[in-house]
Amino acid sequence: MQPLLKNESSVLIFTLSGLNETMENRYVLLSFTALYYPLIVFCNITLIITILLHKKLHEPMYLFICNLCVNGLFGTSGFYPKFMYDLLAHDHVISYDGCMIQIFVIYSSLMCDYSTLTVMAYDRYVAICRPLEYHSVMTNQKILKCILFCWLTSFICMSFLIMLIYRLTLCGFTIEKLYCEIWAVARLSCFSTTVNNVFGYIVILTYFGDAVLIFFSYIYLIRKCRKSIEGRHKFIQTCLPHLLALINVTTAFMFDVLYSRYGSRNVPQSLRNFMALEFLLIPPILNPLIYGLNLTTVRQQVIRMFFKKQVRISE
């Protein structure tokens, strides 16, 4: 399908070429996606409902986990429905505005993941290092501010990046991915994208800086927790899942960054697609499973909700 044009160099429709070499397997991919996406939705909604319905779970850590799950649903909604439609369609196209919306949803969700993990690290620091001050520090107002911080910072960053993309005049219409990606669109520009690149790298370094800060904070917490059996138990119970989630998201983010900027066309398309999708495949399902299975209070409330058994909730 040829793109509709506003003028000689302004594109109204993009072609997504990420599926071109794997269309013979599209029914296998469709079957997998039709099972996997509802599983993501189910796991995240289950955890959200469990936390919201039980007052015992209305604590900062659990509310931040709830925010992580809401964000997982938000991010995956920007990819999976369109991907399933493309698997059934002959032409894999997306409108310019649709492309910008997809970029905004997917990447603001990734940024929100990092921000949420950052405030969760702060919450664990206060809980372990300043336990007597915990409830006076982590008030309801503070929790609300933290959650708003997670969403607003990601929305503001992505809004600015989208504005920088809108100012570009494009000379191409083919995006070599399964979904719209900001660097792939910028590459189609007829002119220099230095401003886009500089701001993009600032955002990347900022969020990687968050990850480094969190890792160092956990090294400090490990040292603090070694002094007592209770401290070690608290770290394993509440901090280890958070650390696994951070490693999971950071690895996925690195896959996407490395693939987007340095990916080679010599690499098989199936591998390129996996690298591009890693942060949409693994974190949305792993986060609710990590927290739902590892945290005793959450796990027992989920069992109680589904099997209607009176399970004694213990810390």
Side-chain angles (χ1 to χ4, degrees), residues 1-26 29-30 33-34 37 73-112 154-204 256-257 259-265 269-270 272-273 275-277 279-280:
M1 175 180 286
Q2 294 297 317
L4 300 175
L5 302 175
K6 293 178 184 175
N7 52 48
E8 291 183 356
S9 60
S10 184
V11 178
L12 279 177
I13 292 179
F14 292 105
T15 298
L16 302 172
S17 65
L19 278 173
N20 287 357
E21 296 177 19
T22 55
M23 282 305 287
E24 66 274 10
N25 298 319
R26 64 177 176 173
L29 291 172
L30 180 63
T33 308
Y37 181 50
L73 293 175
F74 172 67
T76 53
S77 69
F79 170 72
Y80 284 99
K82 175 70 171 80
F83 179 60
M84 287 191 284
Y85 175 81
D86 284 343
L87 287 170
L88 294 172
H90 177 71
D91 297 312
H92 310 136
V93 296
I94 187 169
S95 68
Y96 185 95
D97 289 337
C99 185
M100 295 302 106
I101 291 171
Q102 188 174 57
I103 289 172
F104 181 86
V105 171
I106 290 175
Y107 286 96
S108 62
S109 171
L110 181 59
M111 292 177 184
C112 187
S154 60
F155 282 179
I156 290 169
C157 282
M158 280 312 303
S159 295
F160 194 75
L161 285 167
I162 294 295
M163 286 170 59
L164 290 176
I165 286 290
Y166 263 114
R167 59 183 275 278
L168 299 177
T169 301
L170 305 181
C171 291
F173 61 90
T174 301
I175 297 173
E176 296 180 352
K177 294 188 79 169
L178 297 170
Y179 57 90
C180 284
E181 188 262 324
I182 200 159
W183 239 271
V185 176
R187 282 200 194 102
L188 302 176
S189 174
C190 306
F191 306 108
S192 172
T193 59
T194 302
V195 176
N196 299 64
N197 292 339
V198 169
F199 188 75
Y201 280 118
I202 289 172
V203 171
I204 290 170
D256 182 67
V257 169
Y259 169 74
S260 299
R261 285 121 189 104
Y262 312 111
S264 171
R265 292 187 180 182
Q269 191 175 56
S270 57
R272 280 185 281 150
N273 287 343
M275 290 178 68
L277 289 179
F279 75 98
L280 289 164

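We use all heavy atoms of the structure for the numbers below, so side chains are in, but hydrogens, waters and symmetry mates are not.
- L188 contributes atom CG, which lies 12.0 Å from atom OG1 of T169 (distance to the nearest 0.5 angstrom).
- Contact of the H92 side chain with the T15 side chain is not registered, since no non-hydrogen atoms from C-beta on lie closer than 4.5 Å.
- Within the 4.5 Å cutoff, the side chain of K177 has no heavy atoms near those of the L16 side chain.
- Ring geometry for Y96 against F14 counts as parallel: the plane angle stays under 30°, on a 0 to 90° scale with 60° as the upper cut.
- Side-chain atoms of N196 come within 3.5 Å of backbone N or O of L164 as a donor-acceptor pair.
- In this structure, the side chains of D86 and R26 stay at 4.5 Å or more apart for every pair of heavy atoms.
- Checking side-chain atoms of S109 against main-chain N and O of V105 turns up no donor-acceptor pair under 3.5 Å.
- The closest side-chain heavy-atom distance from S77 to L73 is not below 4.5 Å.
- Taking 4.5 Å as the limit, some side-chain heavy atom of E181 sits within range of a side-chain heavy atom of Y107.
- Around CZ of F199, the count of heavy atoms belonging to other residues, nucleotides or ligands within 6.0 Å exceeds 12.
- Considering only heavy atoms from C-beta on, F191 stays 4.5 Å or farther from C171 through its side chain.
- Looking at Q102, its side chain does come within 3.5 Å of a backbone N or O of G78 through a donor-acceptor pair.
- Partners of C112 under the disulfide bond (SG atoms under 2.5 Å apart) rule, at least two apart in sequence or in another chain, do not exist in this structure.
- Of the possible polar contacts, one joining the Y80 side chain to the L280 backbone as a donor-acceptor pair under 3.5 Å is found.
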